[in-house]
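For reference, the structure discussed in these notes is given below.
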2 protein chains.
Amino acid sequence: MIFGGDGSRTAVVGKYDRQMVVDTGAYDRVLDYVEGMRAPLLAELARLAPRRIALNYSMDSEICDGITHGMYLTMMGYLSEAGLADRVVSAEGLLSALRQRKTPAELERLREAIRHTEEIYDAAEQCIRPGMSEADVAAFMRTEVERRHLGFAWDPHTCPSVFSGPDTAGAHYGPTGRTIAHGHVLNMDFGVRVEGYVSDIQRTYYILRPGETRAPVEVEQGFATIRDAIESARAAIRPGVEGIGVDSAARTAITSRGYEEFPHAVGHQVGRFAHDGTALLAPAWEKYGRKPFVPLEEGMVFTIEPRLTVESYGIVTVEEMIVVTHDGAEYLSRPQTALRLIRA
Amino acid sequence: MIFGGDGSRTAVVGKYDRQMVVDTGAYDRVLDYVEGMRAPLLAELARLAPRRIALNYSMDSEICDGITHGMYLTMMGYLSEAGLADRVVSAEGLLSALRQRKTPAELERLREAIRHTEEIYDAAEQCIRPGMSEADVAAFMRTEVERRHLGFAWDPHTCPSVFSGPDTAGAHYGPTGRTIAHGHVLNMDFGVRVEGYVSDIQRTYYILRPGETRAPVEVEQGFATIRDAIESARAAIRPGVEGIGVDSAARTAITSRGYEEFPHAVGHQVGRFAHDGTALLAPAWEKYGRKPFVPLEEGMVFTIEPRLTVESYGIVTVEEMIVVTHDGAEYLSRPQTALRLIRA
């Protein structure tokens, strides 16, 4: 697929894929081939005479890193033949901008996904009871997603994920048969897909023990710390700042109260995938590459999701979604301001 | 994922993916990291001290070409640091052998997928009537797949594909609202998934006109040509021969009777995907790279699927599946030996 600096949109495809690609309406011209792409590709390159050719590879951003190494070698062979190999650059800048700068229509879809997610969380809260399993709660929520004819934000085996009590896997793991018991801190990670755009929200609950009317003080303190850390991060966001500073604001809010720091970035972008975009609210760790240093822009949508462990109770983790505005950041989700208490 | 020459199987994964990977039971050791993979990866490489490192990239075989170019660059950075960059080779040979040499257990799953496919084709034949649409027939077959709790061999939008009469897209296109009419040649392409292994079979039908008891002679001749071409290809297969010769046997059987040659390879391997493996029964066209020259081996499973057009009637195309034996090839599917005639 070739997008020209002149605005042209050309697809070079196998003969039998032609009709399906024409039907998308996305391309001015669809060039098809039987024996190989060489001839139509070189003809199109000759027509465009590009000064630079941005290929979709990147060492720093997986959403911009679509081309396989074998296909890269094949493409470079054609470009060498055309005398254009030295004009190749990474498409990271272009693709990041496309994915990161949300249009009003994209924001509307994200808001709709968030609205459904919050309604399903509200319904689940009415249904959770001690004695149910994590899997029971997940099944209730998945049924609700299907009843609304929505998609899942990620693989339904871990959407929602449900972690109840101490000694869970903590993240990226499916709901188990573990029984939700009195005195558990329970957290869930969940999102839905609406017209190709997803939500990604976490909520934390406490299962009251008989006689309790509120959570133990250490659970309350853990929750308040997370809530304050999220607000610290949001307040640090505005166009032009780097994600590393935003992460640091949340991380410091956690560690300054004596908790261990969380082993992940405090927030990622959301769009067509739950983890989208290049700019990241993250520390300068090896695996994050340049991402923590990409300046934030108006229209980017991020999660903020610090976590901490309350010994013997479970993991407190809340994930909100925000949009970067011209001078700051606004919540897209309705922030969880208090622990949700489950009565027997 | 690192598979050592000593038989060791090591996974290097992010902390939160650890438990899911441990649960697979596929790895002797699971090394996890928080900040980046560099340290555990270099430690594992130091332990193995490999003479060669096969990375999963390939210019000739897409099933062996999994690593993105950005990830390849990242990996080469680590390997350079370890002084191992000059030991990197393509994993194409290893991965092709793994995917191509079917074990008895793999063959059993393929046979089971074929059995279901043939039963569903038989049921569909009883249901097809002129006046139905292509989409009606496809819906009947998809319902049958779901009733049997099977998967689809490829995207259900084109599985089955159904093409009735002249002037269809011909291949790789979803069933349309086009009405199945008297005098149409109708063909379907369909397969199911059983325990991770798929089938891929095409069948051709003729919709009798009022008063007809057999198809017009040109349709009969077209079908006989395809049937003979398939048998010519099967008879040309044995371990050690190259796919280009097998393709040529079928192609000549078609063109020698005055038909235009088909614009694709006569057959591909089948396994976990409908298009699997590296060796291909194909002409020496640019897009097929080295594939037509890879010698066939016992245990490989191929389709044979020539096609031709019968002017004013439609496309005759039959696809059988075969397995390469120690001295030839046997049909895995029950070959279509006669046009299937649909009465009003």
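Letters go in sequence order (proteins before strands), and every chain restarts at 1. All values below were derived from every heavy atom in this structure, side-chain atoms included, with hydrogens, water molecules and symmetry-related copies excluded.
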Task: Point-to-point distance, once rounded to the nearest 0.5 Å, from CD1 of I67(B) to OH of Y72(A) - done: 14.0 Å
Open item on the list: Report which part of Y16(B) has an atom under 4.5 Å of a heavy atom belonging to chain A: side chain, backbone, both, or neither.
Closed with: both
- [ ] Check whether any side-chain heavy atom of Y33(B) lies under 4.5 Å from a side-chain heavy atom of E286(A), and answer yes or no.
- [x] no
Task: For the student: nearest non-hydrogen atoms of M59(A) and G70(B), plus distance - done: CG-O, 3.7 Å
Open item on the list: I'd like to know whether CG of D167(A) has more than 12 heavy-atom contacts from other residues, nucleotides or ligands below 6.0 angstrom.
Closed with: no
TODO: Count the heavy atoms belonging to other residues, nucleotides or ligands that lie under 6.0 Å from CZ of F273(A), then report whether that count exceeds 12.
DONE: no
Task: Gap separating the OG1 atom of T176(B) from the CD atom of Q19(A), nearest 0.5 angstrom - done: 11.0 Å
Task: Region of S58(A) that comes under 4.5 Å of a non-hydrogen atom in chain B - done: backbone
Open item on the list: Testing the basics here: between D17(B) and H172(A), what is the closest heavy-atom pair and its distance to 0.1 Å?
Closed with: OD1-ND1, 2.9 Å
- [ ] Working to the nearest 0.5 Å, report the span between CZ of R38(B) and NZ of K287(A).
- [x] 15.5 Å
- [ ] First locate atom OG1 of T74(A), then atom CG of D65(B), and finally report the distance between them rounded to the nearest 0.5 Å.
- [x] 7.5 Å
Open item on the list: Would you say that W285(B) contacts V34(A) through its side chain, given a criterion of any heavy-atom pair below 4.5 Å between the two side chains?
Closed with: yes
- [ ] Measure the spacing between CG of L55(A) and NE2 of H69(B) and express it to the nearest 0.5 Å.
- [x] 8.5 Å
- [ ] Would you mind reporting whether T68(B) and T68(A) have side-chain heavy atoms less than 4.5 Å apart?
- [x] no
Task: D23(B) versus chain A, the contacting section by heavy-atom distance below 4.5 Å - done: side chain
